[in-house]
**Q** 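So that we are looking at the same thing, I have put the structure below in C-alpha cells.
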2 protein chains.
Amino acid sequence: MTRTTLLDAAHEAAAASTATRVAVSTVIFSLRRSPDGRASVVLPLVTRTRDPHQGQWALPGGWLDITESLDAAAARTLAETTGLAPSYLEQLYAFGAVDRSPTRVISIVYWALVREDESRSASPDHDQENVAWFDASALPALAFDHNEIVEYALWRLRNKVGYSRVAHGLLADEFTLAELREVYEAILGRRLDPANFRRQVENAGNLVPTDSFRTGSHRPARLYRYNQDAELAERGPLTVRQ
Amino acid sequence: MTRTTLLDAAHEAAAASTATRVAVSTVIFSLRRSPDGRASVVLPLVTRTRDPHQGQWALPGGWLDITESLDAAAARTLAETTGLAPSYLEQLYAFGAVDRSPTRVISIVYWALVREDESRSASPDHDQENVAWFDASALPALAFDHNEIVEYALWRLRNKVGYSRVAHGLLADEFTLAELREVYEAILGRRLDPANFRRQVENAGNLVPTDSFRTGSHRPARLYRYNQDAELAERGPLTVRQ
DNA sequence: CCAAAAGTGTTATATATACACCCATGT
DNA sequence: ACATGGGTGTATATATAACACTTTTGG
C-alpha cells in the first residue's frame with residue numbers, strides 16, 4: 001500500500017491495524033414462469049466450498065479488490081456468478097455486526113435485477129457448477145445472516161415497485177401490460193385489477209405504446225416500451241448508473 | 001468470511017491482502033430557531049487537523065474499530081463529536097469510489113437526529129474545539145465528497161419525513177402541532193397549511209394529546225406526545241434500535 | 001377591542017378501488 | 001359460437017388541497 005499523503009507514523013500504524021476485510025455480495029432477482037403461466041421471483045445462490053458454513057447455500061459475492069469501487073465489485077461478482085449484466089443494480093446495506101462471521105467481515109450488499117430471458121441463457125465463461133436458482137419465497141437455511149439479508153432485499157424490492165419503475169428491469173424491451181402486471185403481482189404477492197393497473201401505469205407517463213402486438217391466444221395485446229427520458233428524473237441521488 | 005465460490009489458496013492469500021480501511025461518518029441533523037422564530041436544519045462539522053484536506057470542514061467520524069459494529073461506531077463517533085445521544089440513527093450509504101480519498105478508504109455513513117434542546121447543552125467530555133454548527137442549506141466547501149453526502153442525507157431526510165414519524169426526533173417529548181409543523185417546514189423548505197397539517201398528523205394516529213398547553217402568546221396550544229406503540233410497526237427491517 | 005395563533009368546517013380536485021361491460025381473437 | 005383475455009366506462013370511497021370561519025388568549 002503506497003501512501004501519498006502526510007500521515008504521521010502513529011496514525012499510520014493505528015489506521016493499518018483497523019483495516020477490515022470487506023466483502024461484496026449481491027441479491028440477484030429474476031423472474032421464472034411456471035407452466036401455468038404464473039410468475040414468481042427467483043434468485044441464484046451458490047454453495048460454499050469451504051468453512052465457515054461449508055456446503056450451505058449463500059449469496060454470490062467475493063472480496064472487495066483494493067482497486068475497484070463497491071459498485072464495480074458488485075457487478076463483477078454478479079457476472080462471475082450468473083454470466084449476466086444486471087438491468088438494475090443498487091446498494092442495499094452494509095452489514096457489520098461483529099459476530100455475523102467467525103472472523104470480522106463487513107459485507108456491502110447490493111441487489112440487482114436481471115431480465116427473465118437472460119437469466120436462462122447459459123454464458124460460457126461463468127461458473128455454473130455451484131449455482132442454483134431458488135424461489136424467493138421458499139429459501140433453504142442460508143449461511144451467515146443471508147436469510148435476513150434476502151428478506152430485507154425483498155422488502156426493498158416490494159417497496160420500490162410501488163413508487164418507481166424498477167419492474168421493467170425484469171422484462172424484455174417490449175412487453176404487454178399483462179406481463180408488466182404479472183411482475184407486479186409476483187413481487188407484491190397479490191393480484192391486481194387489470195383495468196385499474198392499466199390506468200395507473202398509463203397515467204404515470206412512463207410507457208410508450210408501440211405499433212406491435214403480442215399475438216398467440218385470444219385478443220392480441222399491445223406491446224409497450226419504457227420511456228427512457230423519464231429514467232434519469234426518477235433516480236435518487238445515488239443510484240448506480242449502468 | 002463470506003467467500004462463496006471456489007477459491008484456491010492463492011486467491012485466499014490475495015483476499016487477506018485486500019483488507020481495507022473502513023471509516024464511519026455521520027451526518028447529524030438538529031434544529032436551530034432564528035430570533036424571528038423560523039426554524040432551520042443545522043448540522044455539526046469538524047475541522048480536519050491533518051492532510052488530506054487539512055483545515056477544511058468535514059463530517060464527524062472516525063475509523064471503524066475491529067471490535068465494534070458499524071452502528072456502535074456511528075454512535076461512538078457521534079458522541080465524541082457532540083457529546084449527545086441521537087434520538088434517531090440510520091445507516092445512509094457505503095461510499096467506496098477508489099478516488100474519493102488519496103488512499104483507498106471506504107466510508108460507511110450514517111445520519112442521525114438530535115433534539116434541539118440537547119444540541120445546545122455543552123457536555124463536559126467531548127471535544128468542542130473543532131466543532132461548529134452550520135445551516136444545512138448554506139454549507140462551505142467540505143473535504144472529500146462530503147458535500148454530496150450531505151446532499152444525499154438531506155434528500156433522505158426530506159423523503160422520510162413524508163412517510164414516517166422521524167420529525168419527532170428533532171423535538172422534545174411534548175410539543176405543539178405548530179412546533180411539529182415548523183419541523184416539517186424546515187425540512188421540506190416550504191410552508192404547510194396549518195389546518196390540513198393538523199388533520200393529517202391526527203389521522204395518522206401517532207399523536208397522543210396531553211392535558212397540558214403551551215402558553216405565552218395568543219391562544220394556548222395543546223401539547224402532544226408521540227405514541228410509542230406505533231414506533232415498532234413503522235420501522236423498516238434494518239433500522240437501528242436504540 | 002384588536003391582533004394573531006389555535007382550532008373547525010366546507011368544498012373542489014385527484015386518486016384508489018370495485019366491478020359492469022364491450023371488443024377481438026383462436027379454437 | 002364461445003371462451004378468454006384485452007380494453008373501456010362508471011360509481012363510490014378516500015386523500016389532498018385551498019380557504020373561509022370561529023375560538024381563545026395577550027396586550
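Just so it is clear, the structure is predicted and the values come from calculations on it, not from any experiment. Residue numbering restarts at 1 for every chain, and letters A, B, ... go by the order of the sequence lines.
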**Q** Are A:L139 and A:L45 side-chain neighbours, meaning at least one heavy-atom pair lies under 4.5 Å?
**A**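 Side-chain contact under 4.5 Å: yes.
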
**Q** Could you go step by step and tell me if B:L157 and B:L113 meet the side-chain contact (heavy atoms from CB on, under 4.5 Å) rule?
**A** CA-CA 10 Å; B:L157 173 61; B:L113 301 179; 4.2 Å; yes

**Q** May I have the distance from A:F213 (atom CZ) to D:dG6 (atom P), rounded to whole angstrom?
**A**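 Taking atom P of D:dG6 as the reference, CZ of A:F213 is at 13 Å.
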
**Q** Testing the basics here: between B:L59 and B:V46, what is the closest heavy-atom pair and its distance to 0.1 Å?
**A**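 Residues B:L59 and B:V46, closest heavy atoms: O-CG2, 4.0 Å.
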
**Q** Under 3.5 Å, is there a donor-acceptor pair linking the side chains of A:N196 and A:R199?
**A** yes

**Q** Rounding to an integer number of Å, can you tell me how far B:L223 CG sits from C:dA6 C1'?
**A** 13 Å

**Q** Without decimals, in angstroms, what is the distance between A:L188 CG and C:dT17 C1'?
**A** 16 Å

**Q** Over how many whole Å does the gap from B:Q200 atom CD to C:dT8 atom C1' extend?
**A** 16 Å

**Q** Please check: side-chain N/O of B:R222 versus main-chain N/O of B:T210, any donor-acceptor pairing under 3.5 Å?
**A**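 Yes, B:R222 side chain to B:T210 backbone: donor-acceptor pair under 3.5 Å.
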
**Q** Quickly work out the A:N203 CG to C:dA14 C1' distance and round it to whole Å.
**A**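 Rounding to the nearest Å, CG of A:N203 and C1' of C:dA14 are 11 Å apart.
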
**Q** Quick one: are A:Y152 and A:R156 in side-chain contact, heavy atoms under 4.5 Å?
**A** yes

**Q** Taking only residues two or more places apart in sequence or in another chain, which ones pass ring pair (Phe, Tyr, Trp, His ring centres under 6.0 Å) with B:F144?
**A**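 Ring pair (Phe, Tyr, Trp, His ring centres under 6.0 Å) list for B:F144, sorted by chain: B:H53, B:H146.
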
**Q** For A:E185 and D:dG5, give me the distance from atom CD to atom P, rounded to whole Å.
**A** 12 Å

**Q** Could you tell me how far apart B:R222 (CZ) and C:dT8 (C1') are, to the nearest whole angstrom?
**A**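 The answer, rounded to whole Å, is 14 Å.
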
**Q** Does anything in residues 189-199 of chain A reach DNA chain D, meaning a heavy atom under 4.0 Å, and if so which residues?
**A** A:A195, A:R198, A:R199

**Q** Determine, for nucleotides 21-27 of chain C in 5'-to-3' order, which nucleotides have protein heavy atoms under 4.0 Å from the base (write B), from only the sugar-phosphate (write S), or from neither (write -).
**A** --BBBS-

**Q** Shortest non-hydrogen contact from A:L78 to A:L84?
**A**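 A:L78 and A:L84 have their closest heavy atoms at CD2-O, 3.2 Å.
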
